[in-house]
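The structure presented is a predicted model; accordingly, all values stated were derived computationally and were not measured. Chain letters run A, B, ... following the sequence lines, proteins first, then strands; residues in each count from 1.
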Amino acid sequence: MSPESATAVEKNLQMRLWRGDAEGGEFTEYNIPAQEGEVVLDVVHRIQAEEAPDLAVRWNCKAGKCGSCSAEINGRPALMCMTRMSTLNIEEPITVSPMRGFPIIRDLVTDVSFNYAVARRVPAFQPPKLAEGEVFRMQQVDVDRSQEFRKCIECFLCQNVCHVIRDHEDNKESFAGPRFFARLAELEMHPLDTLDRRRLTSEQFGLGLCNITKCCTEVCPEGIHITDNAIIPLKERVVDARYDPVAWLGRKITGKPDPTPAAVAARFAPETLAQQQEARSAGRIGTHPETSGAGTSR
Amino acid sequence: MAEYETHIVDVLIIGAGGAGLRAAAEASAMGASTAVVCKSLLGKAHTVMAEGGVAAALGNVWPEDNWKVHFRDTMRGGKMLNNWRMAQLHAQESPDRVLELEQWGALFDRTPDGRILQRDFGGHRYARLAHVGDRTGLELLRTVQHRAVDVGIEVFMECKIVRLLRDSEGHVNGAVGIWRETGKFIVFGAKSVVLATGGVGKMYKFTSNSWEGTGDGHALALWAGADLIDMECIQFHPTGMIWPPSARGLLVTEGVRGDGGILKNRDNERFMFNYISDYFKAETSDTIEEADQWYENKRDFRRPPELLPRDEVARAINSEVKAGRGSPHGGVFLDIASRRTAEDIKRRLPSMYHQFKELADVDITKDAMEIGPTCHYIMGGVRVDADTAAATVPGLFAAGEVAGGMHGANRLGGNSLSDLLVFGRRAGIGAAEHALSKEGTVTIDQEQVESIAKHALSFFDNEGKENAYAAHQALQNTMQELVGIIRTESELVRARGELHDLNERAKVVSVEGHRQFNPGWHLALDLEAMMAISQCTTLGALERQESRGGHTREDFPTPNNEVFGKVNMVTSMQGSEVQIRREPLPVMPPELQELFEEAH
């Protein structure tokens, strides 16, 4: 072991982890020796292995690629696997709490099913028809924009900090959140997509509620410029779609379909929060009685 | 009587990585009612960690490329232990599978004329890997995820399958799992079950695998009476991070070497030139001058030795470190900083730049990376029929890493993502056809369900101090030290003994707390699978008395083509014991055999 590590080993960490469930809970303090080069998730794992075997925490890759271990570290939303202990002041207690923007399941694990419900409502990429043997041709410069949004690891930290839903639970019904504006922007800017989702973006996904505070961009571990590159351009395009007669005429001529009304609405009808809430209290989320229906359950 | 909910479907798919979701899309398209069950949230599967690319002979960069060249590279990379038919189907179908992803919204990096760009990787004769920077796995998973959601497949997230169910004839007809959130049981009845559970890396201490890689599917198949093959063939990826300790094992993409990165020892020597085996001599550069020209001119120059297949490079690194020429933390140096501009590195390898910067405080555009081998992939797996992905027990199918045969004794980089797509689709077809042709309804045997539930809950009743985390660490230490990258009889015999004792420990693990989202309990259940699979790997490693691909025996350092080159090591359950036997490899037809007789 290198000489500089010796000093680190002597330090003791005071970790305050939130323990509890939907009924309530509190911070529990664990004192554990520091080790060199650790991230917060390593320390949480050591506490789990040595002191609290039933400590609930989500994680998968431990490499910042899957977006499972989102939490709030000293109140700051971040991935536990990408937050090095050396960036924190270990003289003071370190708190780790679950994401505040989602209902708690247990300890550091929250119910992020809202995001999966919204994802179901986004109409997928619709390719143009290709002739036999023909392949897509796209220039790198034209795919760069959408590729930025496809870096998203779905950690849902942007959803967690977005004050439109963080502080106003009832907005979840009419507001998709930054992750899905990035997804909609990705589709909108895809050079070959043939569907026009602009009316849907404003009318069903609530783009207008965003007032560009950039909290989402600040917490994105992938450095995606959600506000500048997704939301603002989307807002401009949505305005064009509504009020620009030239754009309207263009759509008429090019025939790029605008799918908002009946057909799409029927297929992508939003499950209202009230329905979800009811399902949850009846214990039906996670216990689907039928499997014939489409969807994503937890 | 345990309480549980029941779901009846035609096709149940276990695992929501690339293979599982691709299988689901296909089964559903064929009209089978299809459900996917996965241990994590949707979109978090280990597929996201694949970095470099998906191998397909599209011929976009090198028109000379075609399926025959890809097939030949794959078989030679696998040291000819591959199931030839799987390798053939894979090479023939992967271009269509990649192009299909574009139809579903994938956005690969482009060539100047607007087609899919392809990059160089070890063991591939031509630049063949379609990619998106160094996050290709994420792109692939997101694409099939969006597809599965779009076609309306139901996904049961955060649900761990404990055992498969079988009917009176021994056919697989469902599965029993637990919801991680509530700890309640869930029972599936299904005419076909597809295993798409990925790998086994978590039985080793240093691995690139995520927490889910606990060999669940391998074990479920074994317990249901299916054969596994060549479980000793495990790939140690040559370039894993080794520093800091908490990051040890994390993958460093082969794309670093494909894009010009080189390996150096403590003395700044480009040591790979000392490790070119006779098998690859004809196609590998033997001077630095030649190697460096190959990146631009593949017609007149041979590939650099840094791009030999992974087994060769991992062994070379191991030898350098053993000879005392390693880096300060016991690896070697991977240098791209002195080879490419900072701008190029950040554009082509953004995740690697980010990963080293964040976790190790190393700027890879300025300094070399310290790297060493890490457990990455198991070539062995469930024995399947190449065309239908059917396992040896009726009703059971397997695709992706959990299936064996495709990659032989060593997998080439980029061949895993293409494997997922090709055989995910085939498993979806196989499972749907089987289900739709099977008459009658599925009847669930309540007694089996009861006994599985009782077993799963027994960990709460175990008294004593055996802790799941400690038992898991002990298993990882045994496997890392005794069944690791270089193996020998005396150590394998020791491992067999230790595993026997550990198995007894794993049975009496006691779980604290209650059933709701209890990771200690989940680990106790995962541990059962890892214990079973470690035994298969160790038995296979003892029995295969030769060195081939990902299986290296210090006491038998060369391949034995006459005996072991012609057999699969088959493990299966006989009563409560894992047994091993040899069975002949499928024989390649003459027209394919000819491909290996031509000069390179």
For Thr34(B), the option from Val9(B), Leu12(B), Ile13(B) that meets side-chain contact (heavy atoms from CB on, under 4.5 Å): Ile13(B)
Whether Phe156(A) and Phe102(A) hold their rings parallel, tilted or perpendicular, with breakpoints at 30° and 60°: perpendicular
Side-chain donor-acceptor pair present, Asn229(A), Glu148(A), cut-off under 3.5 Å: yes
Pro112(B) versus chain A, the contacting section by heavy-atom distance below 4.5 Å: backbone
Options Ser210(B), Gly137(B), Ser246(B), Pro244(B), ranked by heavy-atom pairs under 4.5 Å with chain A, top entry: Ser246(B)
Toward chain A, the part of Ser33(B) with a non-hydrogen atom under 4.5 Å: neither
Side chain to side chain, Pro127(A) and Leu192(A), heavy atoms closer than 4.5 Å: no
Between Arg150(A), Arg183(A), Gln140(A), the one whose heavy-atom pairs under 4.5 Å with chain B are most numerous: Arg150(A)
Distance in Å, Gln35(A) CD paired with Lys11(A) NZ, rounded so as to fall on 0.5 Å steps: 14.5 Å
Neighbours of chain B found in residues 80-88 of chain A - heavy atoms under 4.5 Å: Cys81(A), Met82(A), Arg84(A)
Residue among Glu222(A), His45(A), Lys151(A), Glu186(A) with most heavy-atom pairs under 4.5 Å to chain B: Lys151(A)
Lys202(B) versus chain A, the contacting section by heavy-atom distance below 4.5 Å: side chain
Chain B contacts, top residue of Lys62(A), Gln147(A), Glu38(A) (heavy-atom pairs, under 4.5 Å): Gln147(A)
Atom CD of Glu51(A): over 12 foreign heavy atoms under 6.0 Å: yes
Chain A contact via His514(B) - side chain, backbone, both or neither, heavy atoms under 4.5 Å: both
Structural part of Glu102(B) lying under 4.5 Å from a heavy atom of chain A: both
Ala52(A) versus chain B, the contacting section by heavy-atom distance below 4.5 Å: neither
Among the listed options Leu55(A), Asp54(A), Val39(A), the residue most often paired with chain B at heavy-atom distances under 4.5 Å: Asp54(A)
Test side chain to side chain donor-acceptor pair (under 3.5 Å) applied to Thr111(B) - qualifying residues, sequence neighbours left out: Asp113(B)
Contacting moiety of Asn467(B), where chain A heavy atoms sit under 4.5 Å: side chain
Region of Leu138(B) in contact with chain A, defined by heavy-atom distances below 4.5 Å: side chain
Toward chain B, the part of Asp42(A) with a non-hydrogen atom under 4.5 Å: side chain
Aromatic plane relationship, His329(B) with Trp243(B) - under 30° parallel, 30 to 60° tilted, over 60° perpendicular: parallel
Thr143(B) portion near chain A, given a 4.5 angstrom heavy-atom threshold: both
Part of Leu107(B) within contact of chain A (heavy atom distance under 4.5 Å): both
Side-chain (Asp111(A)) to main-chain (Pro103(A)) donor-acceptor, under 3.5 angstrom: no
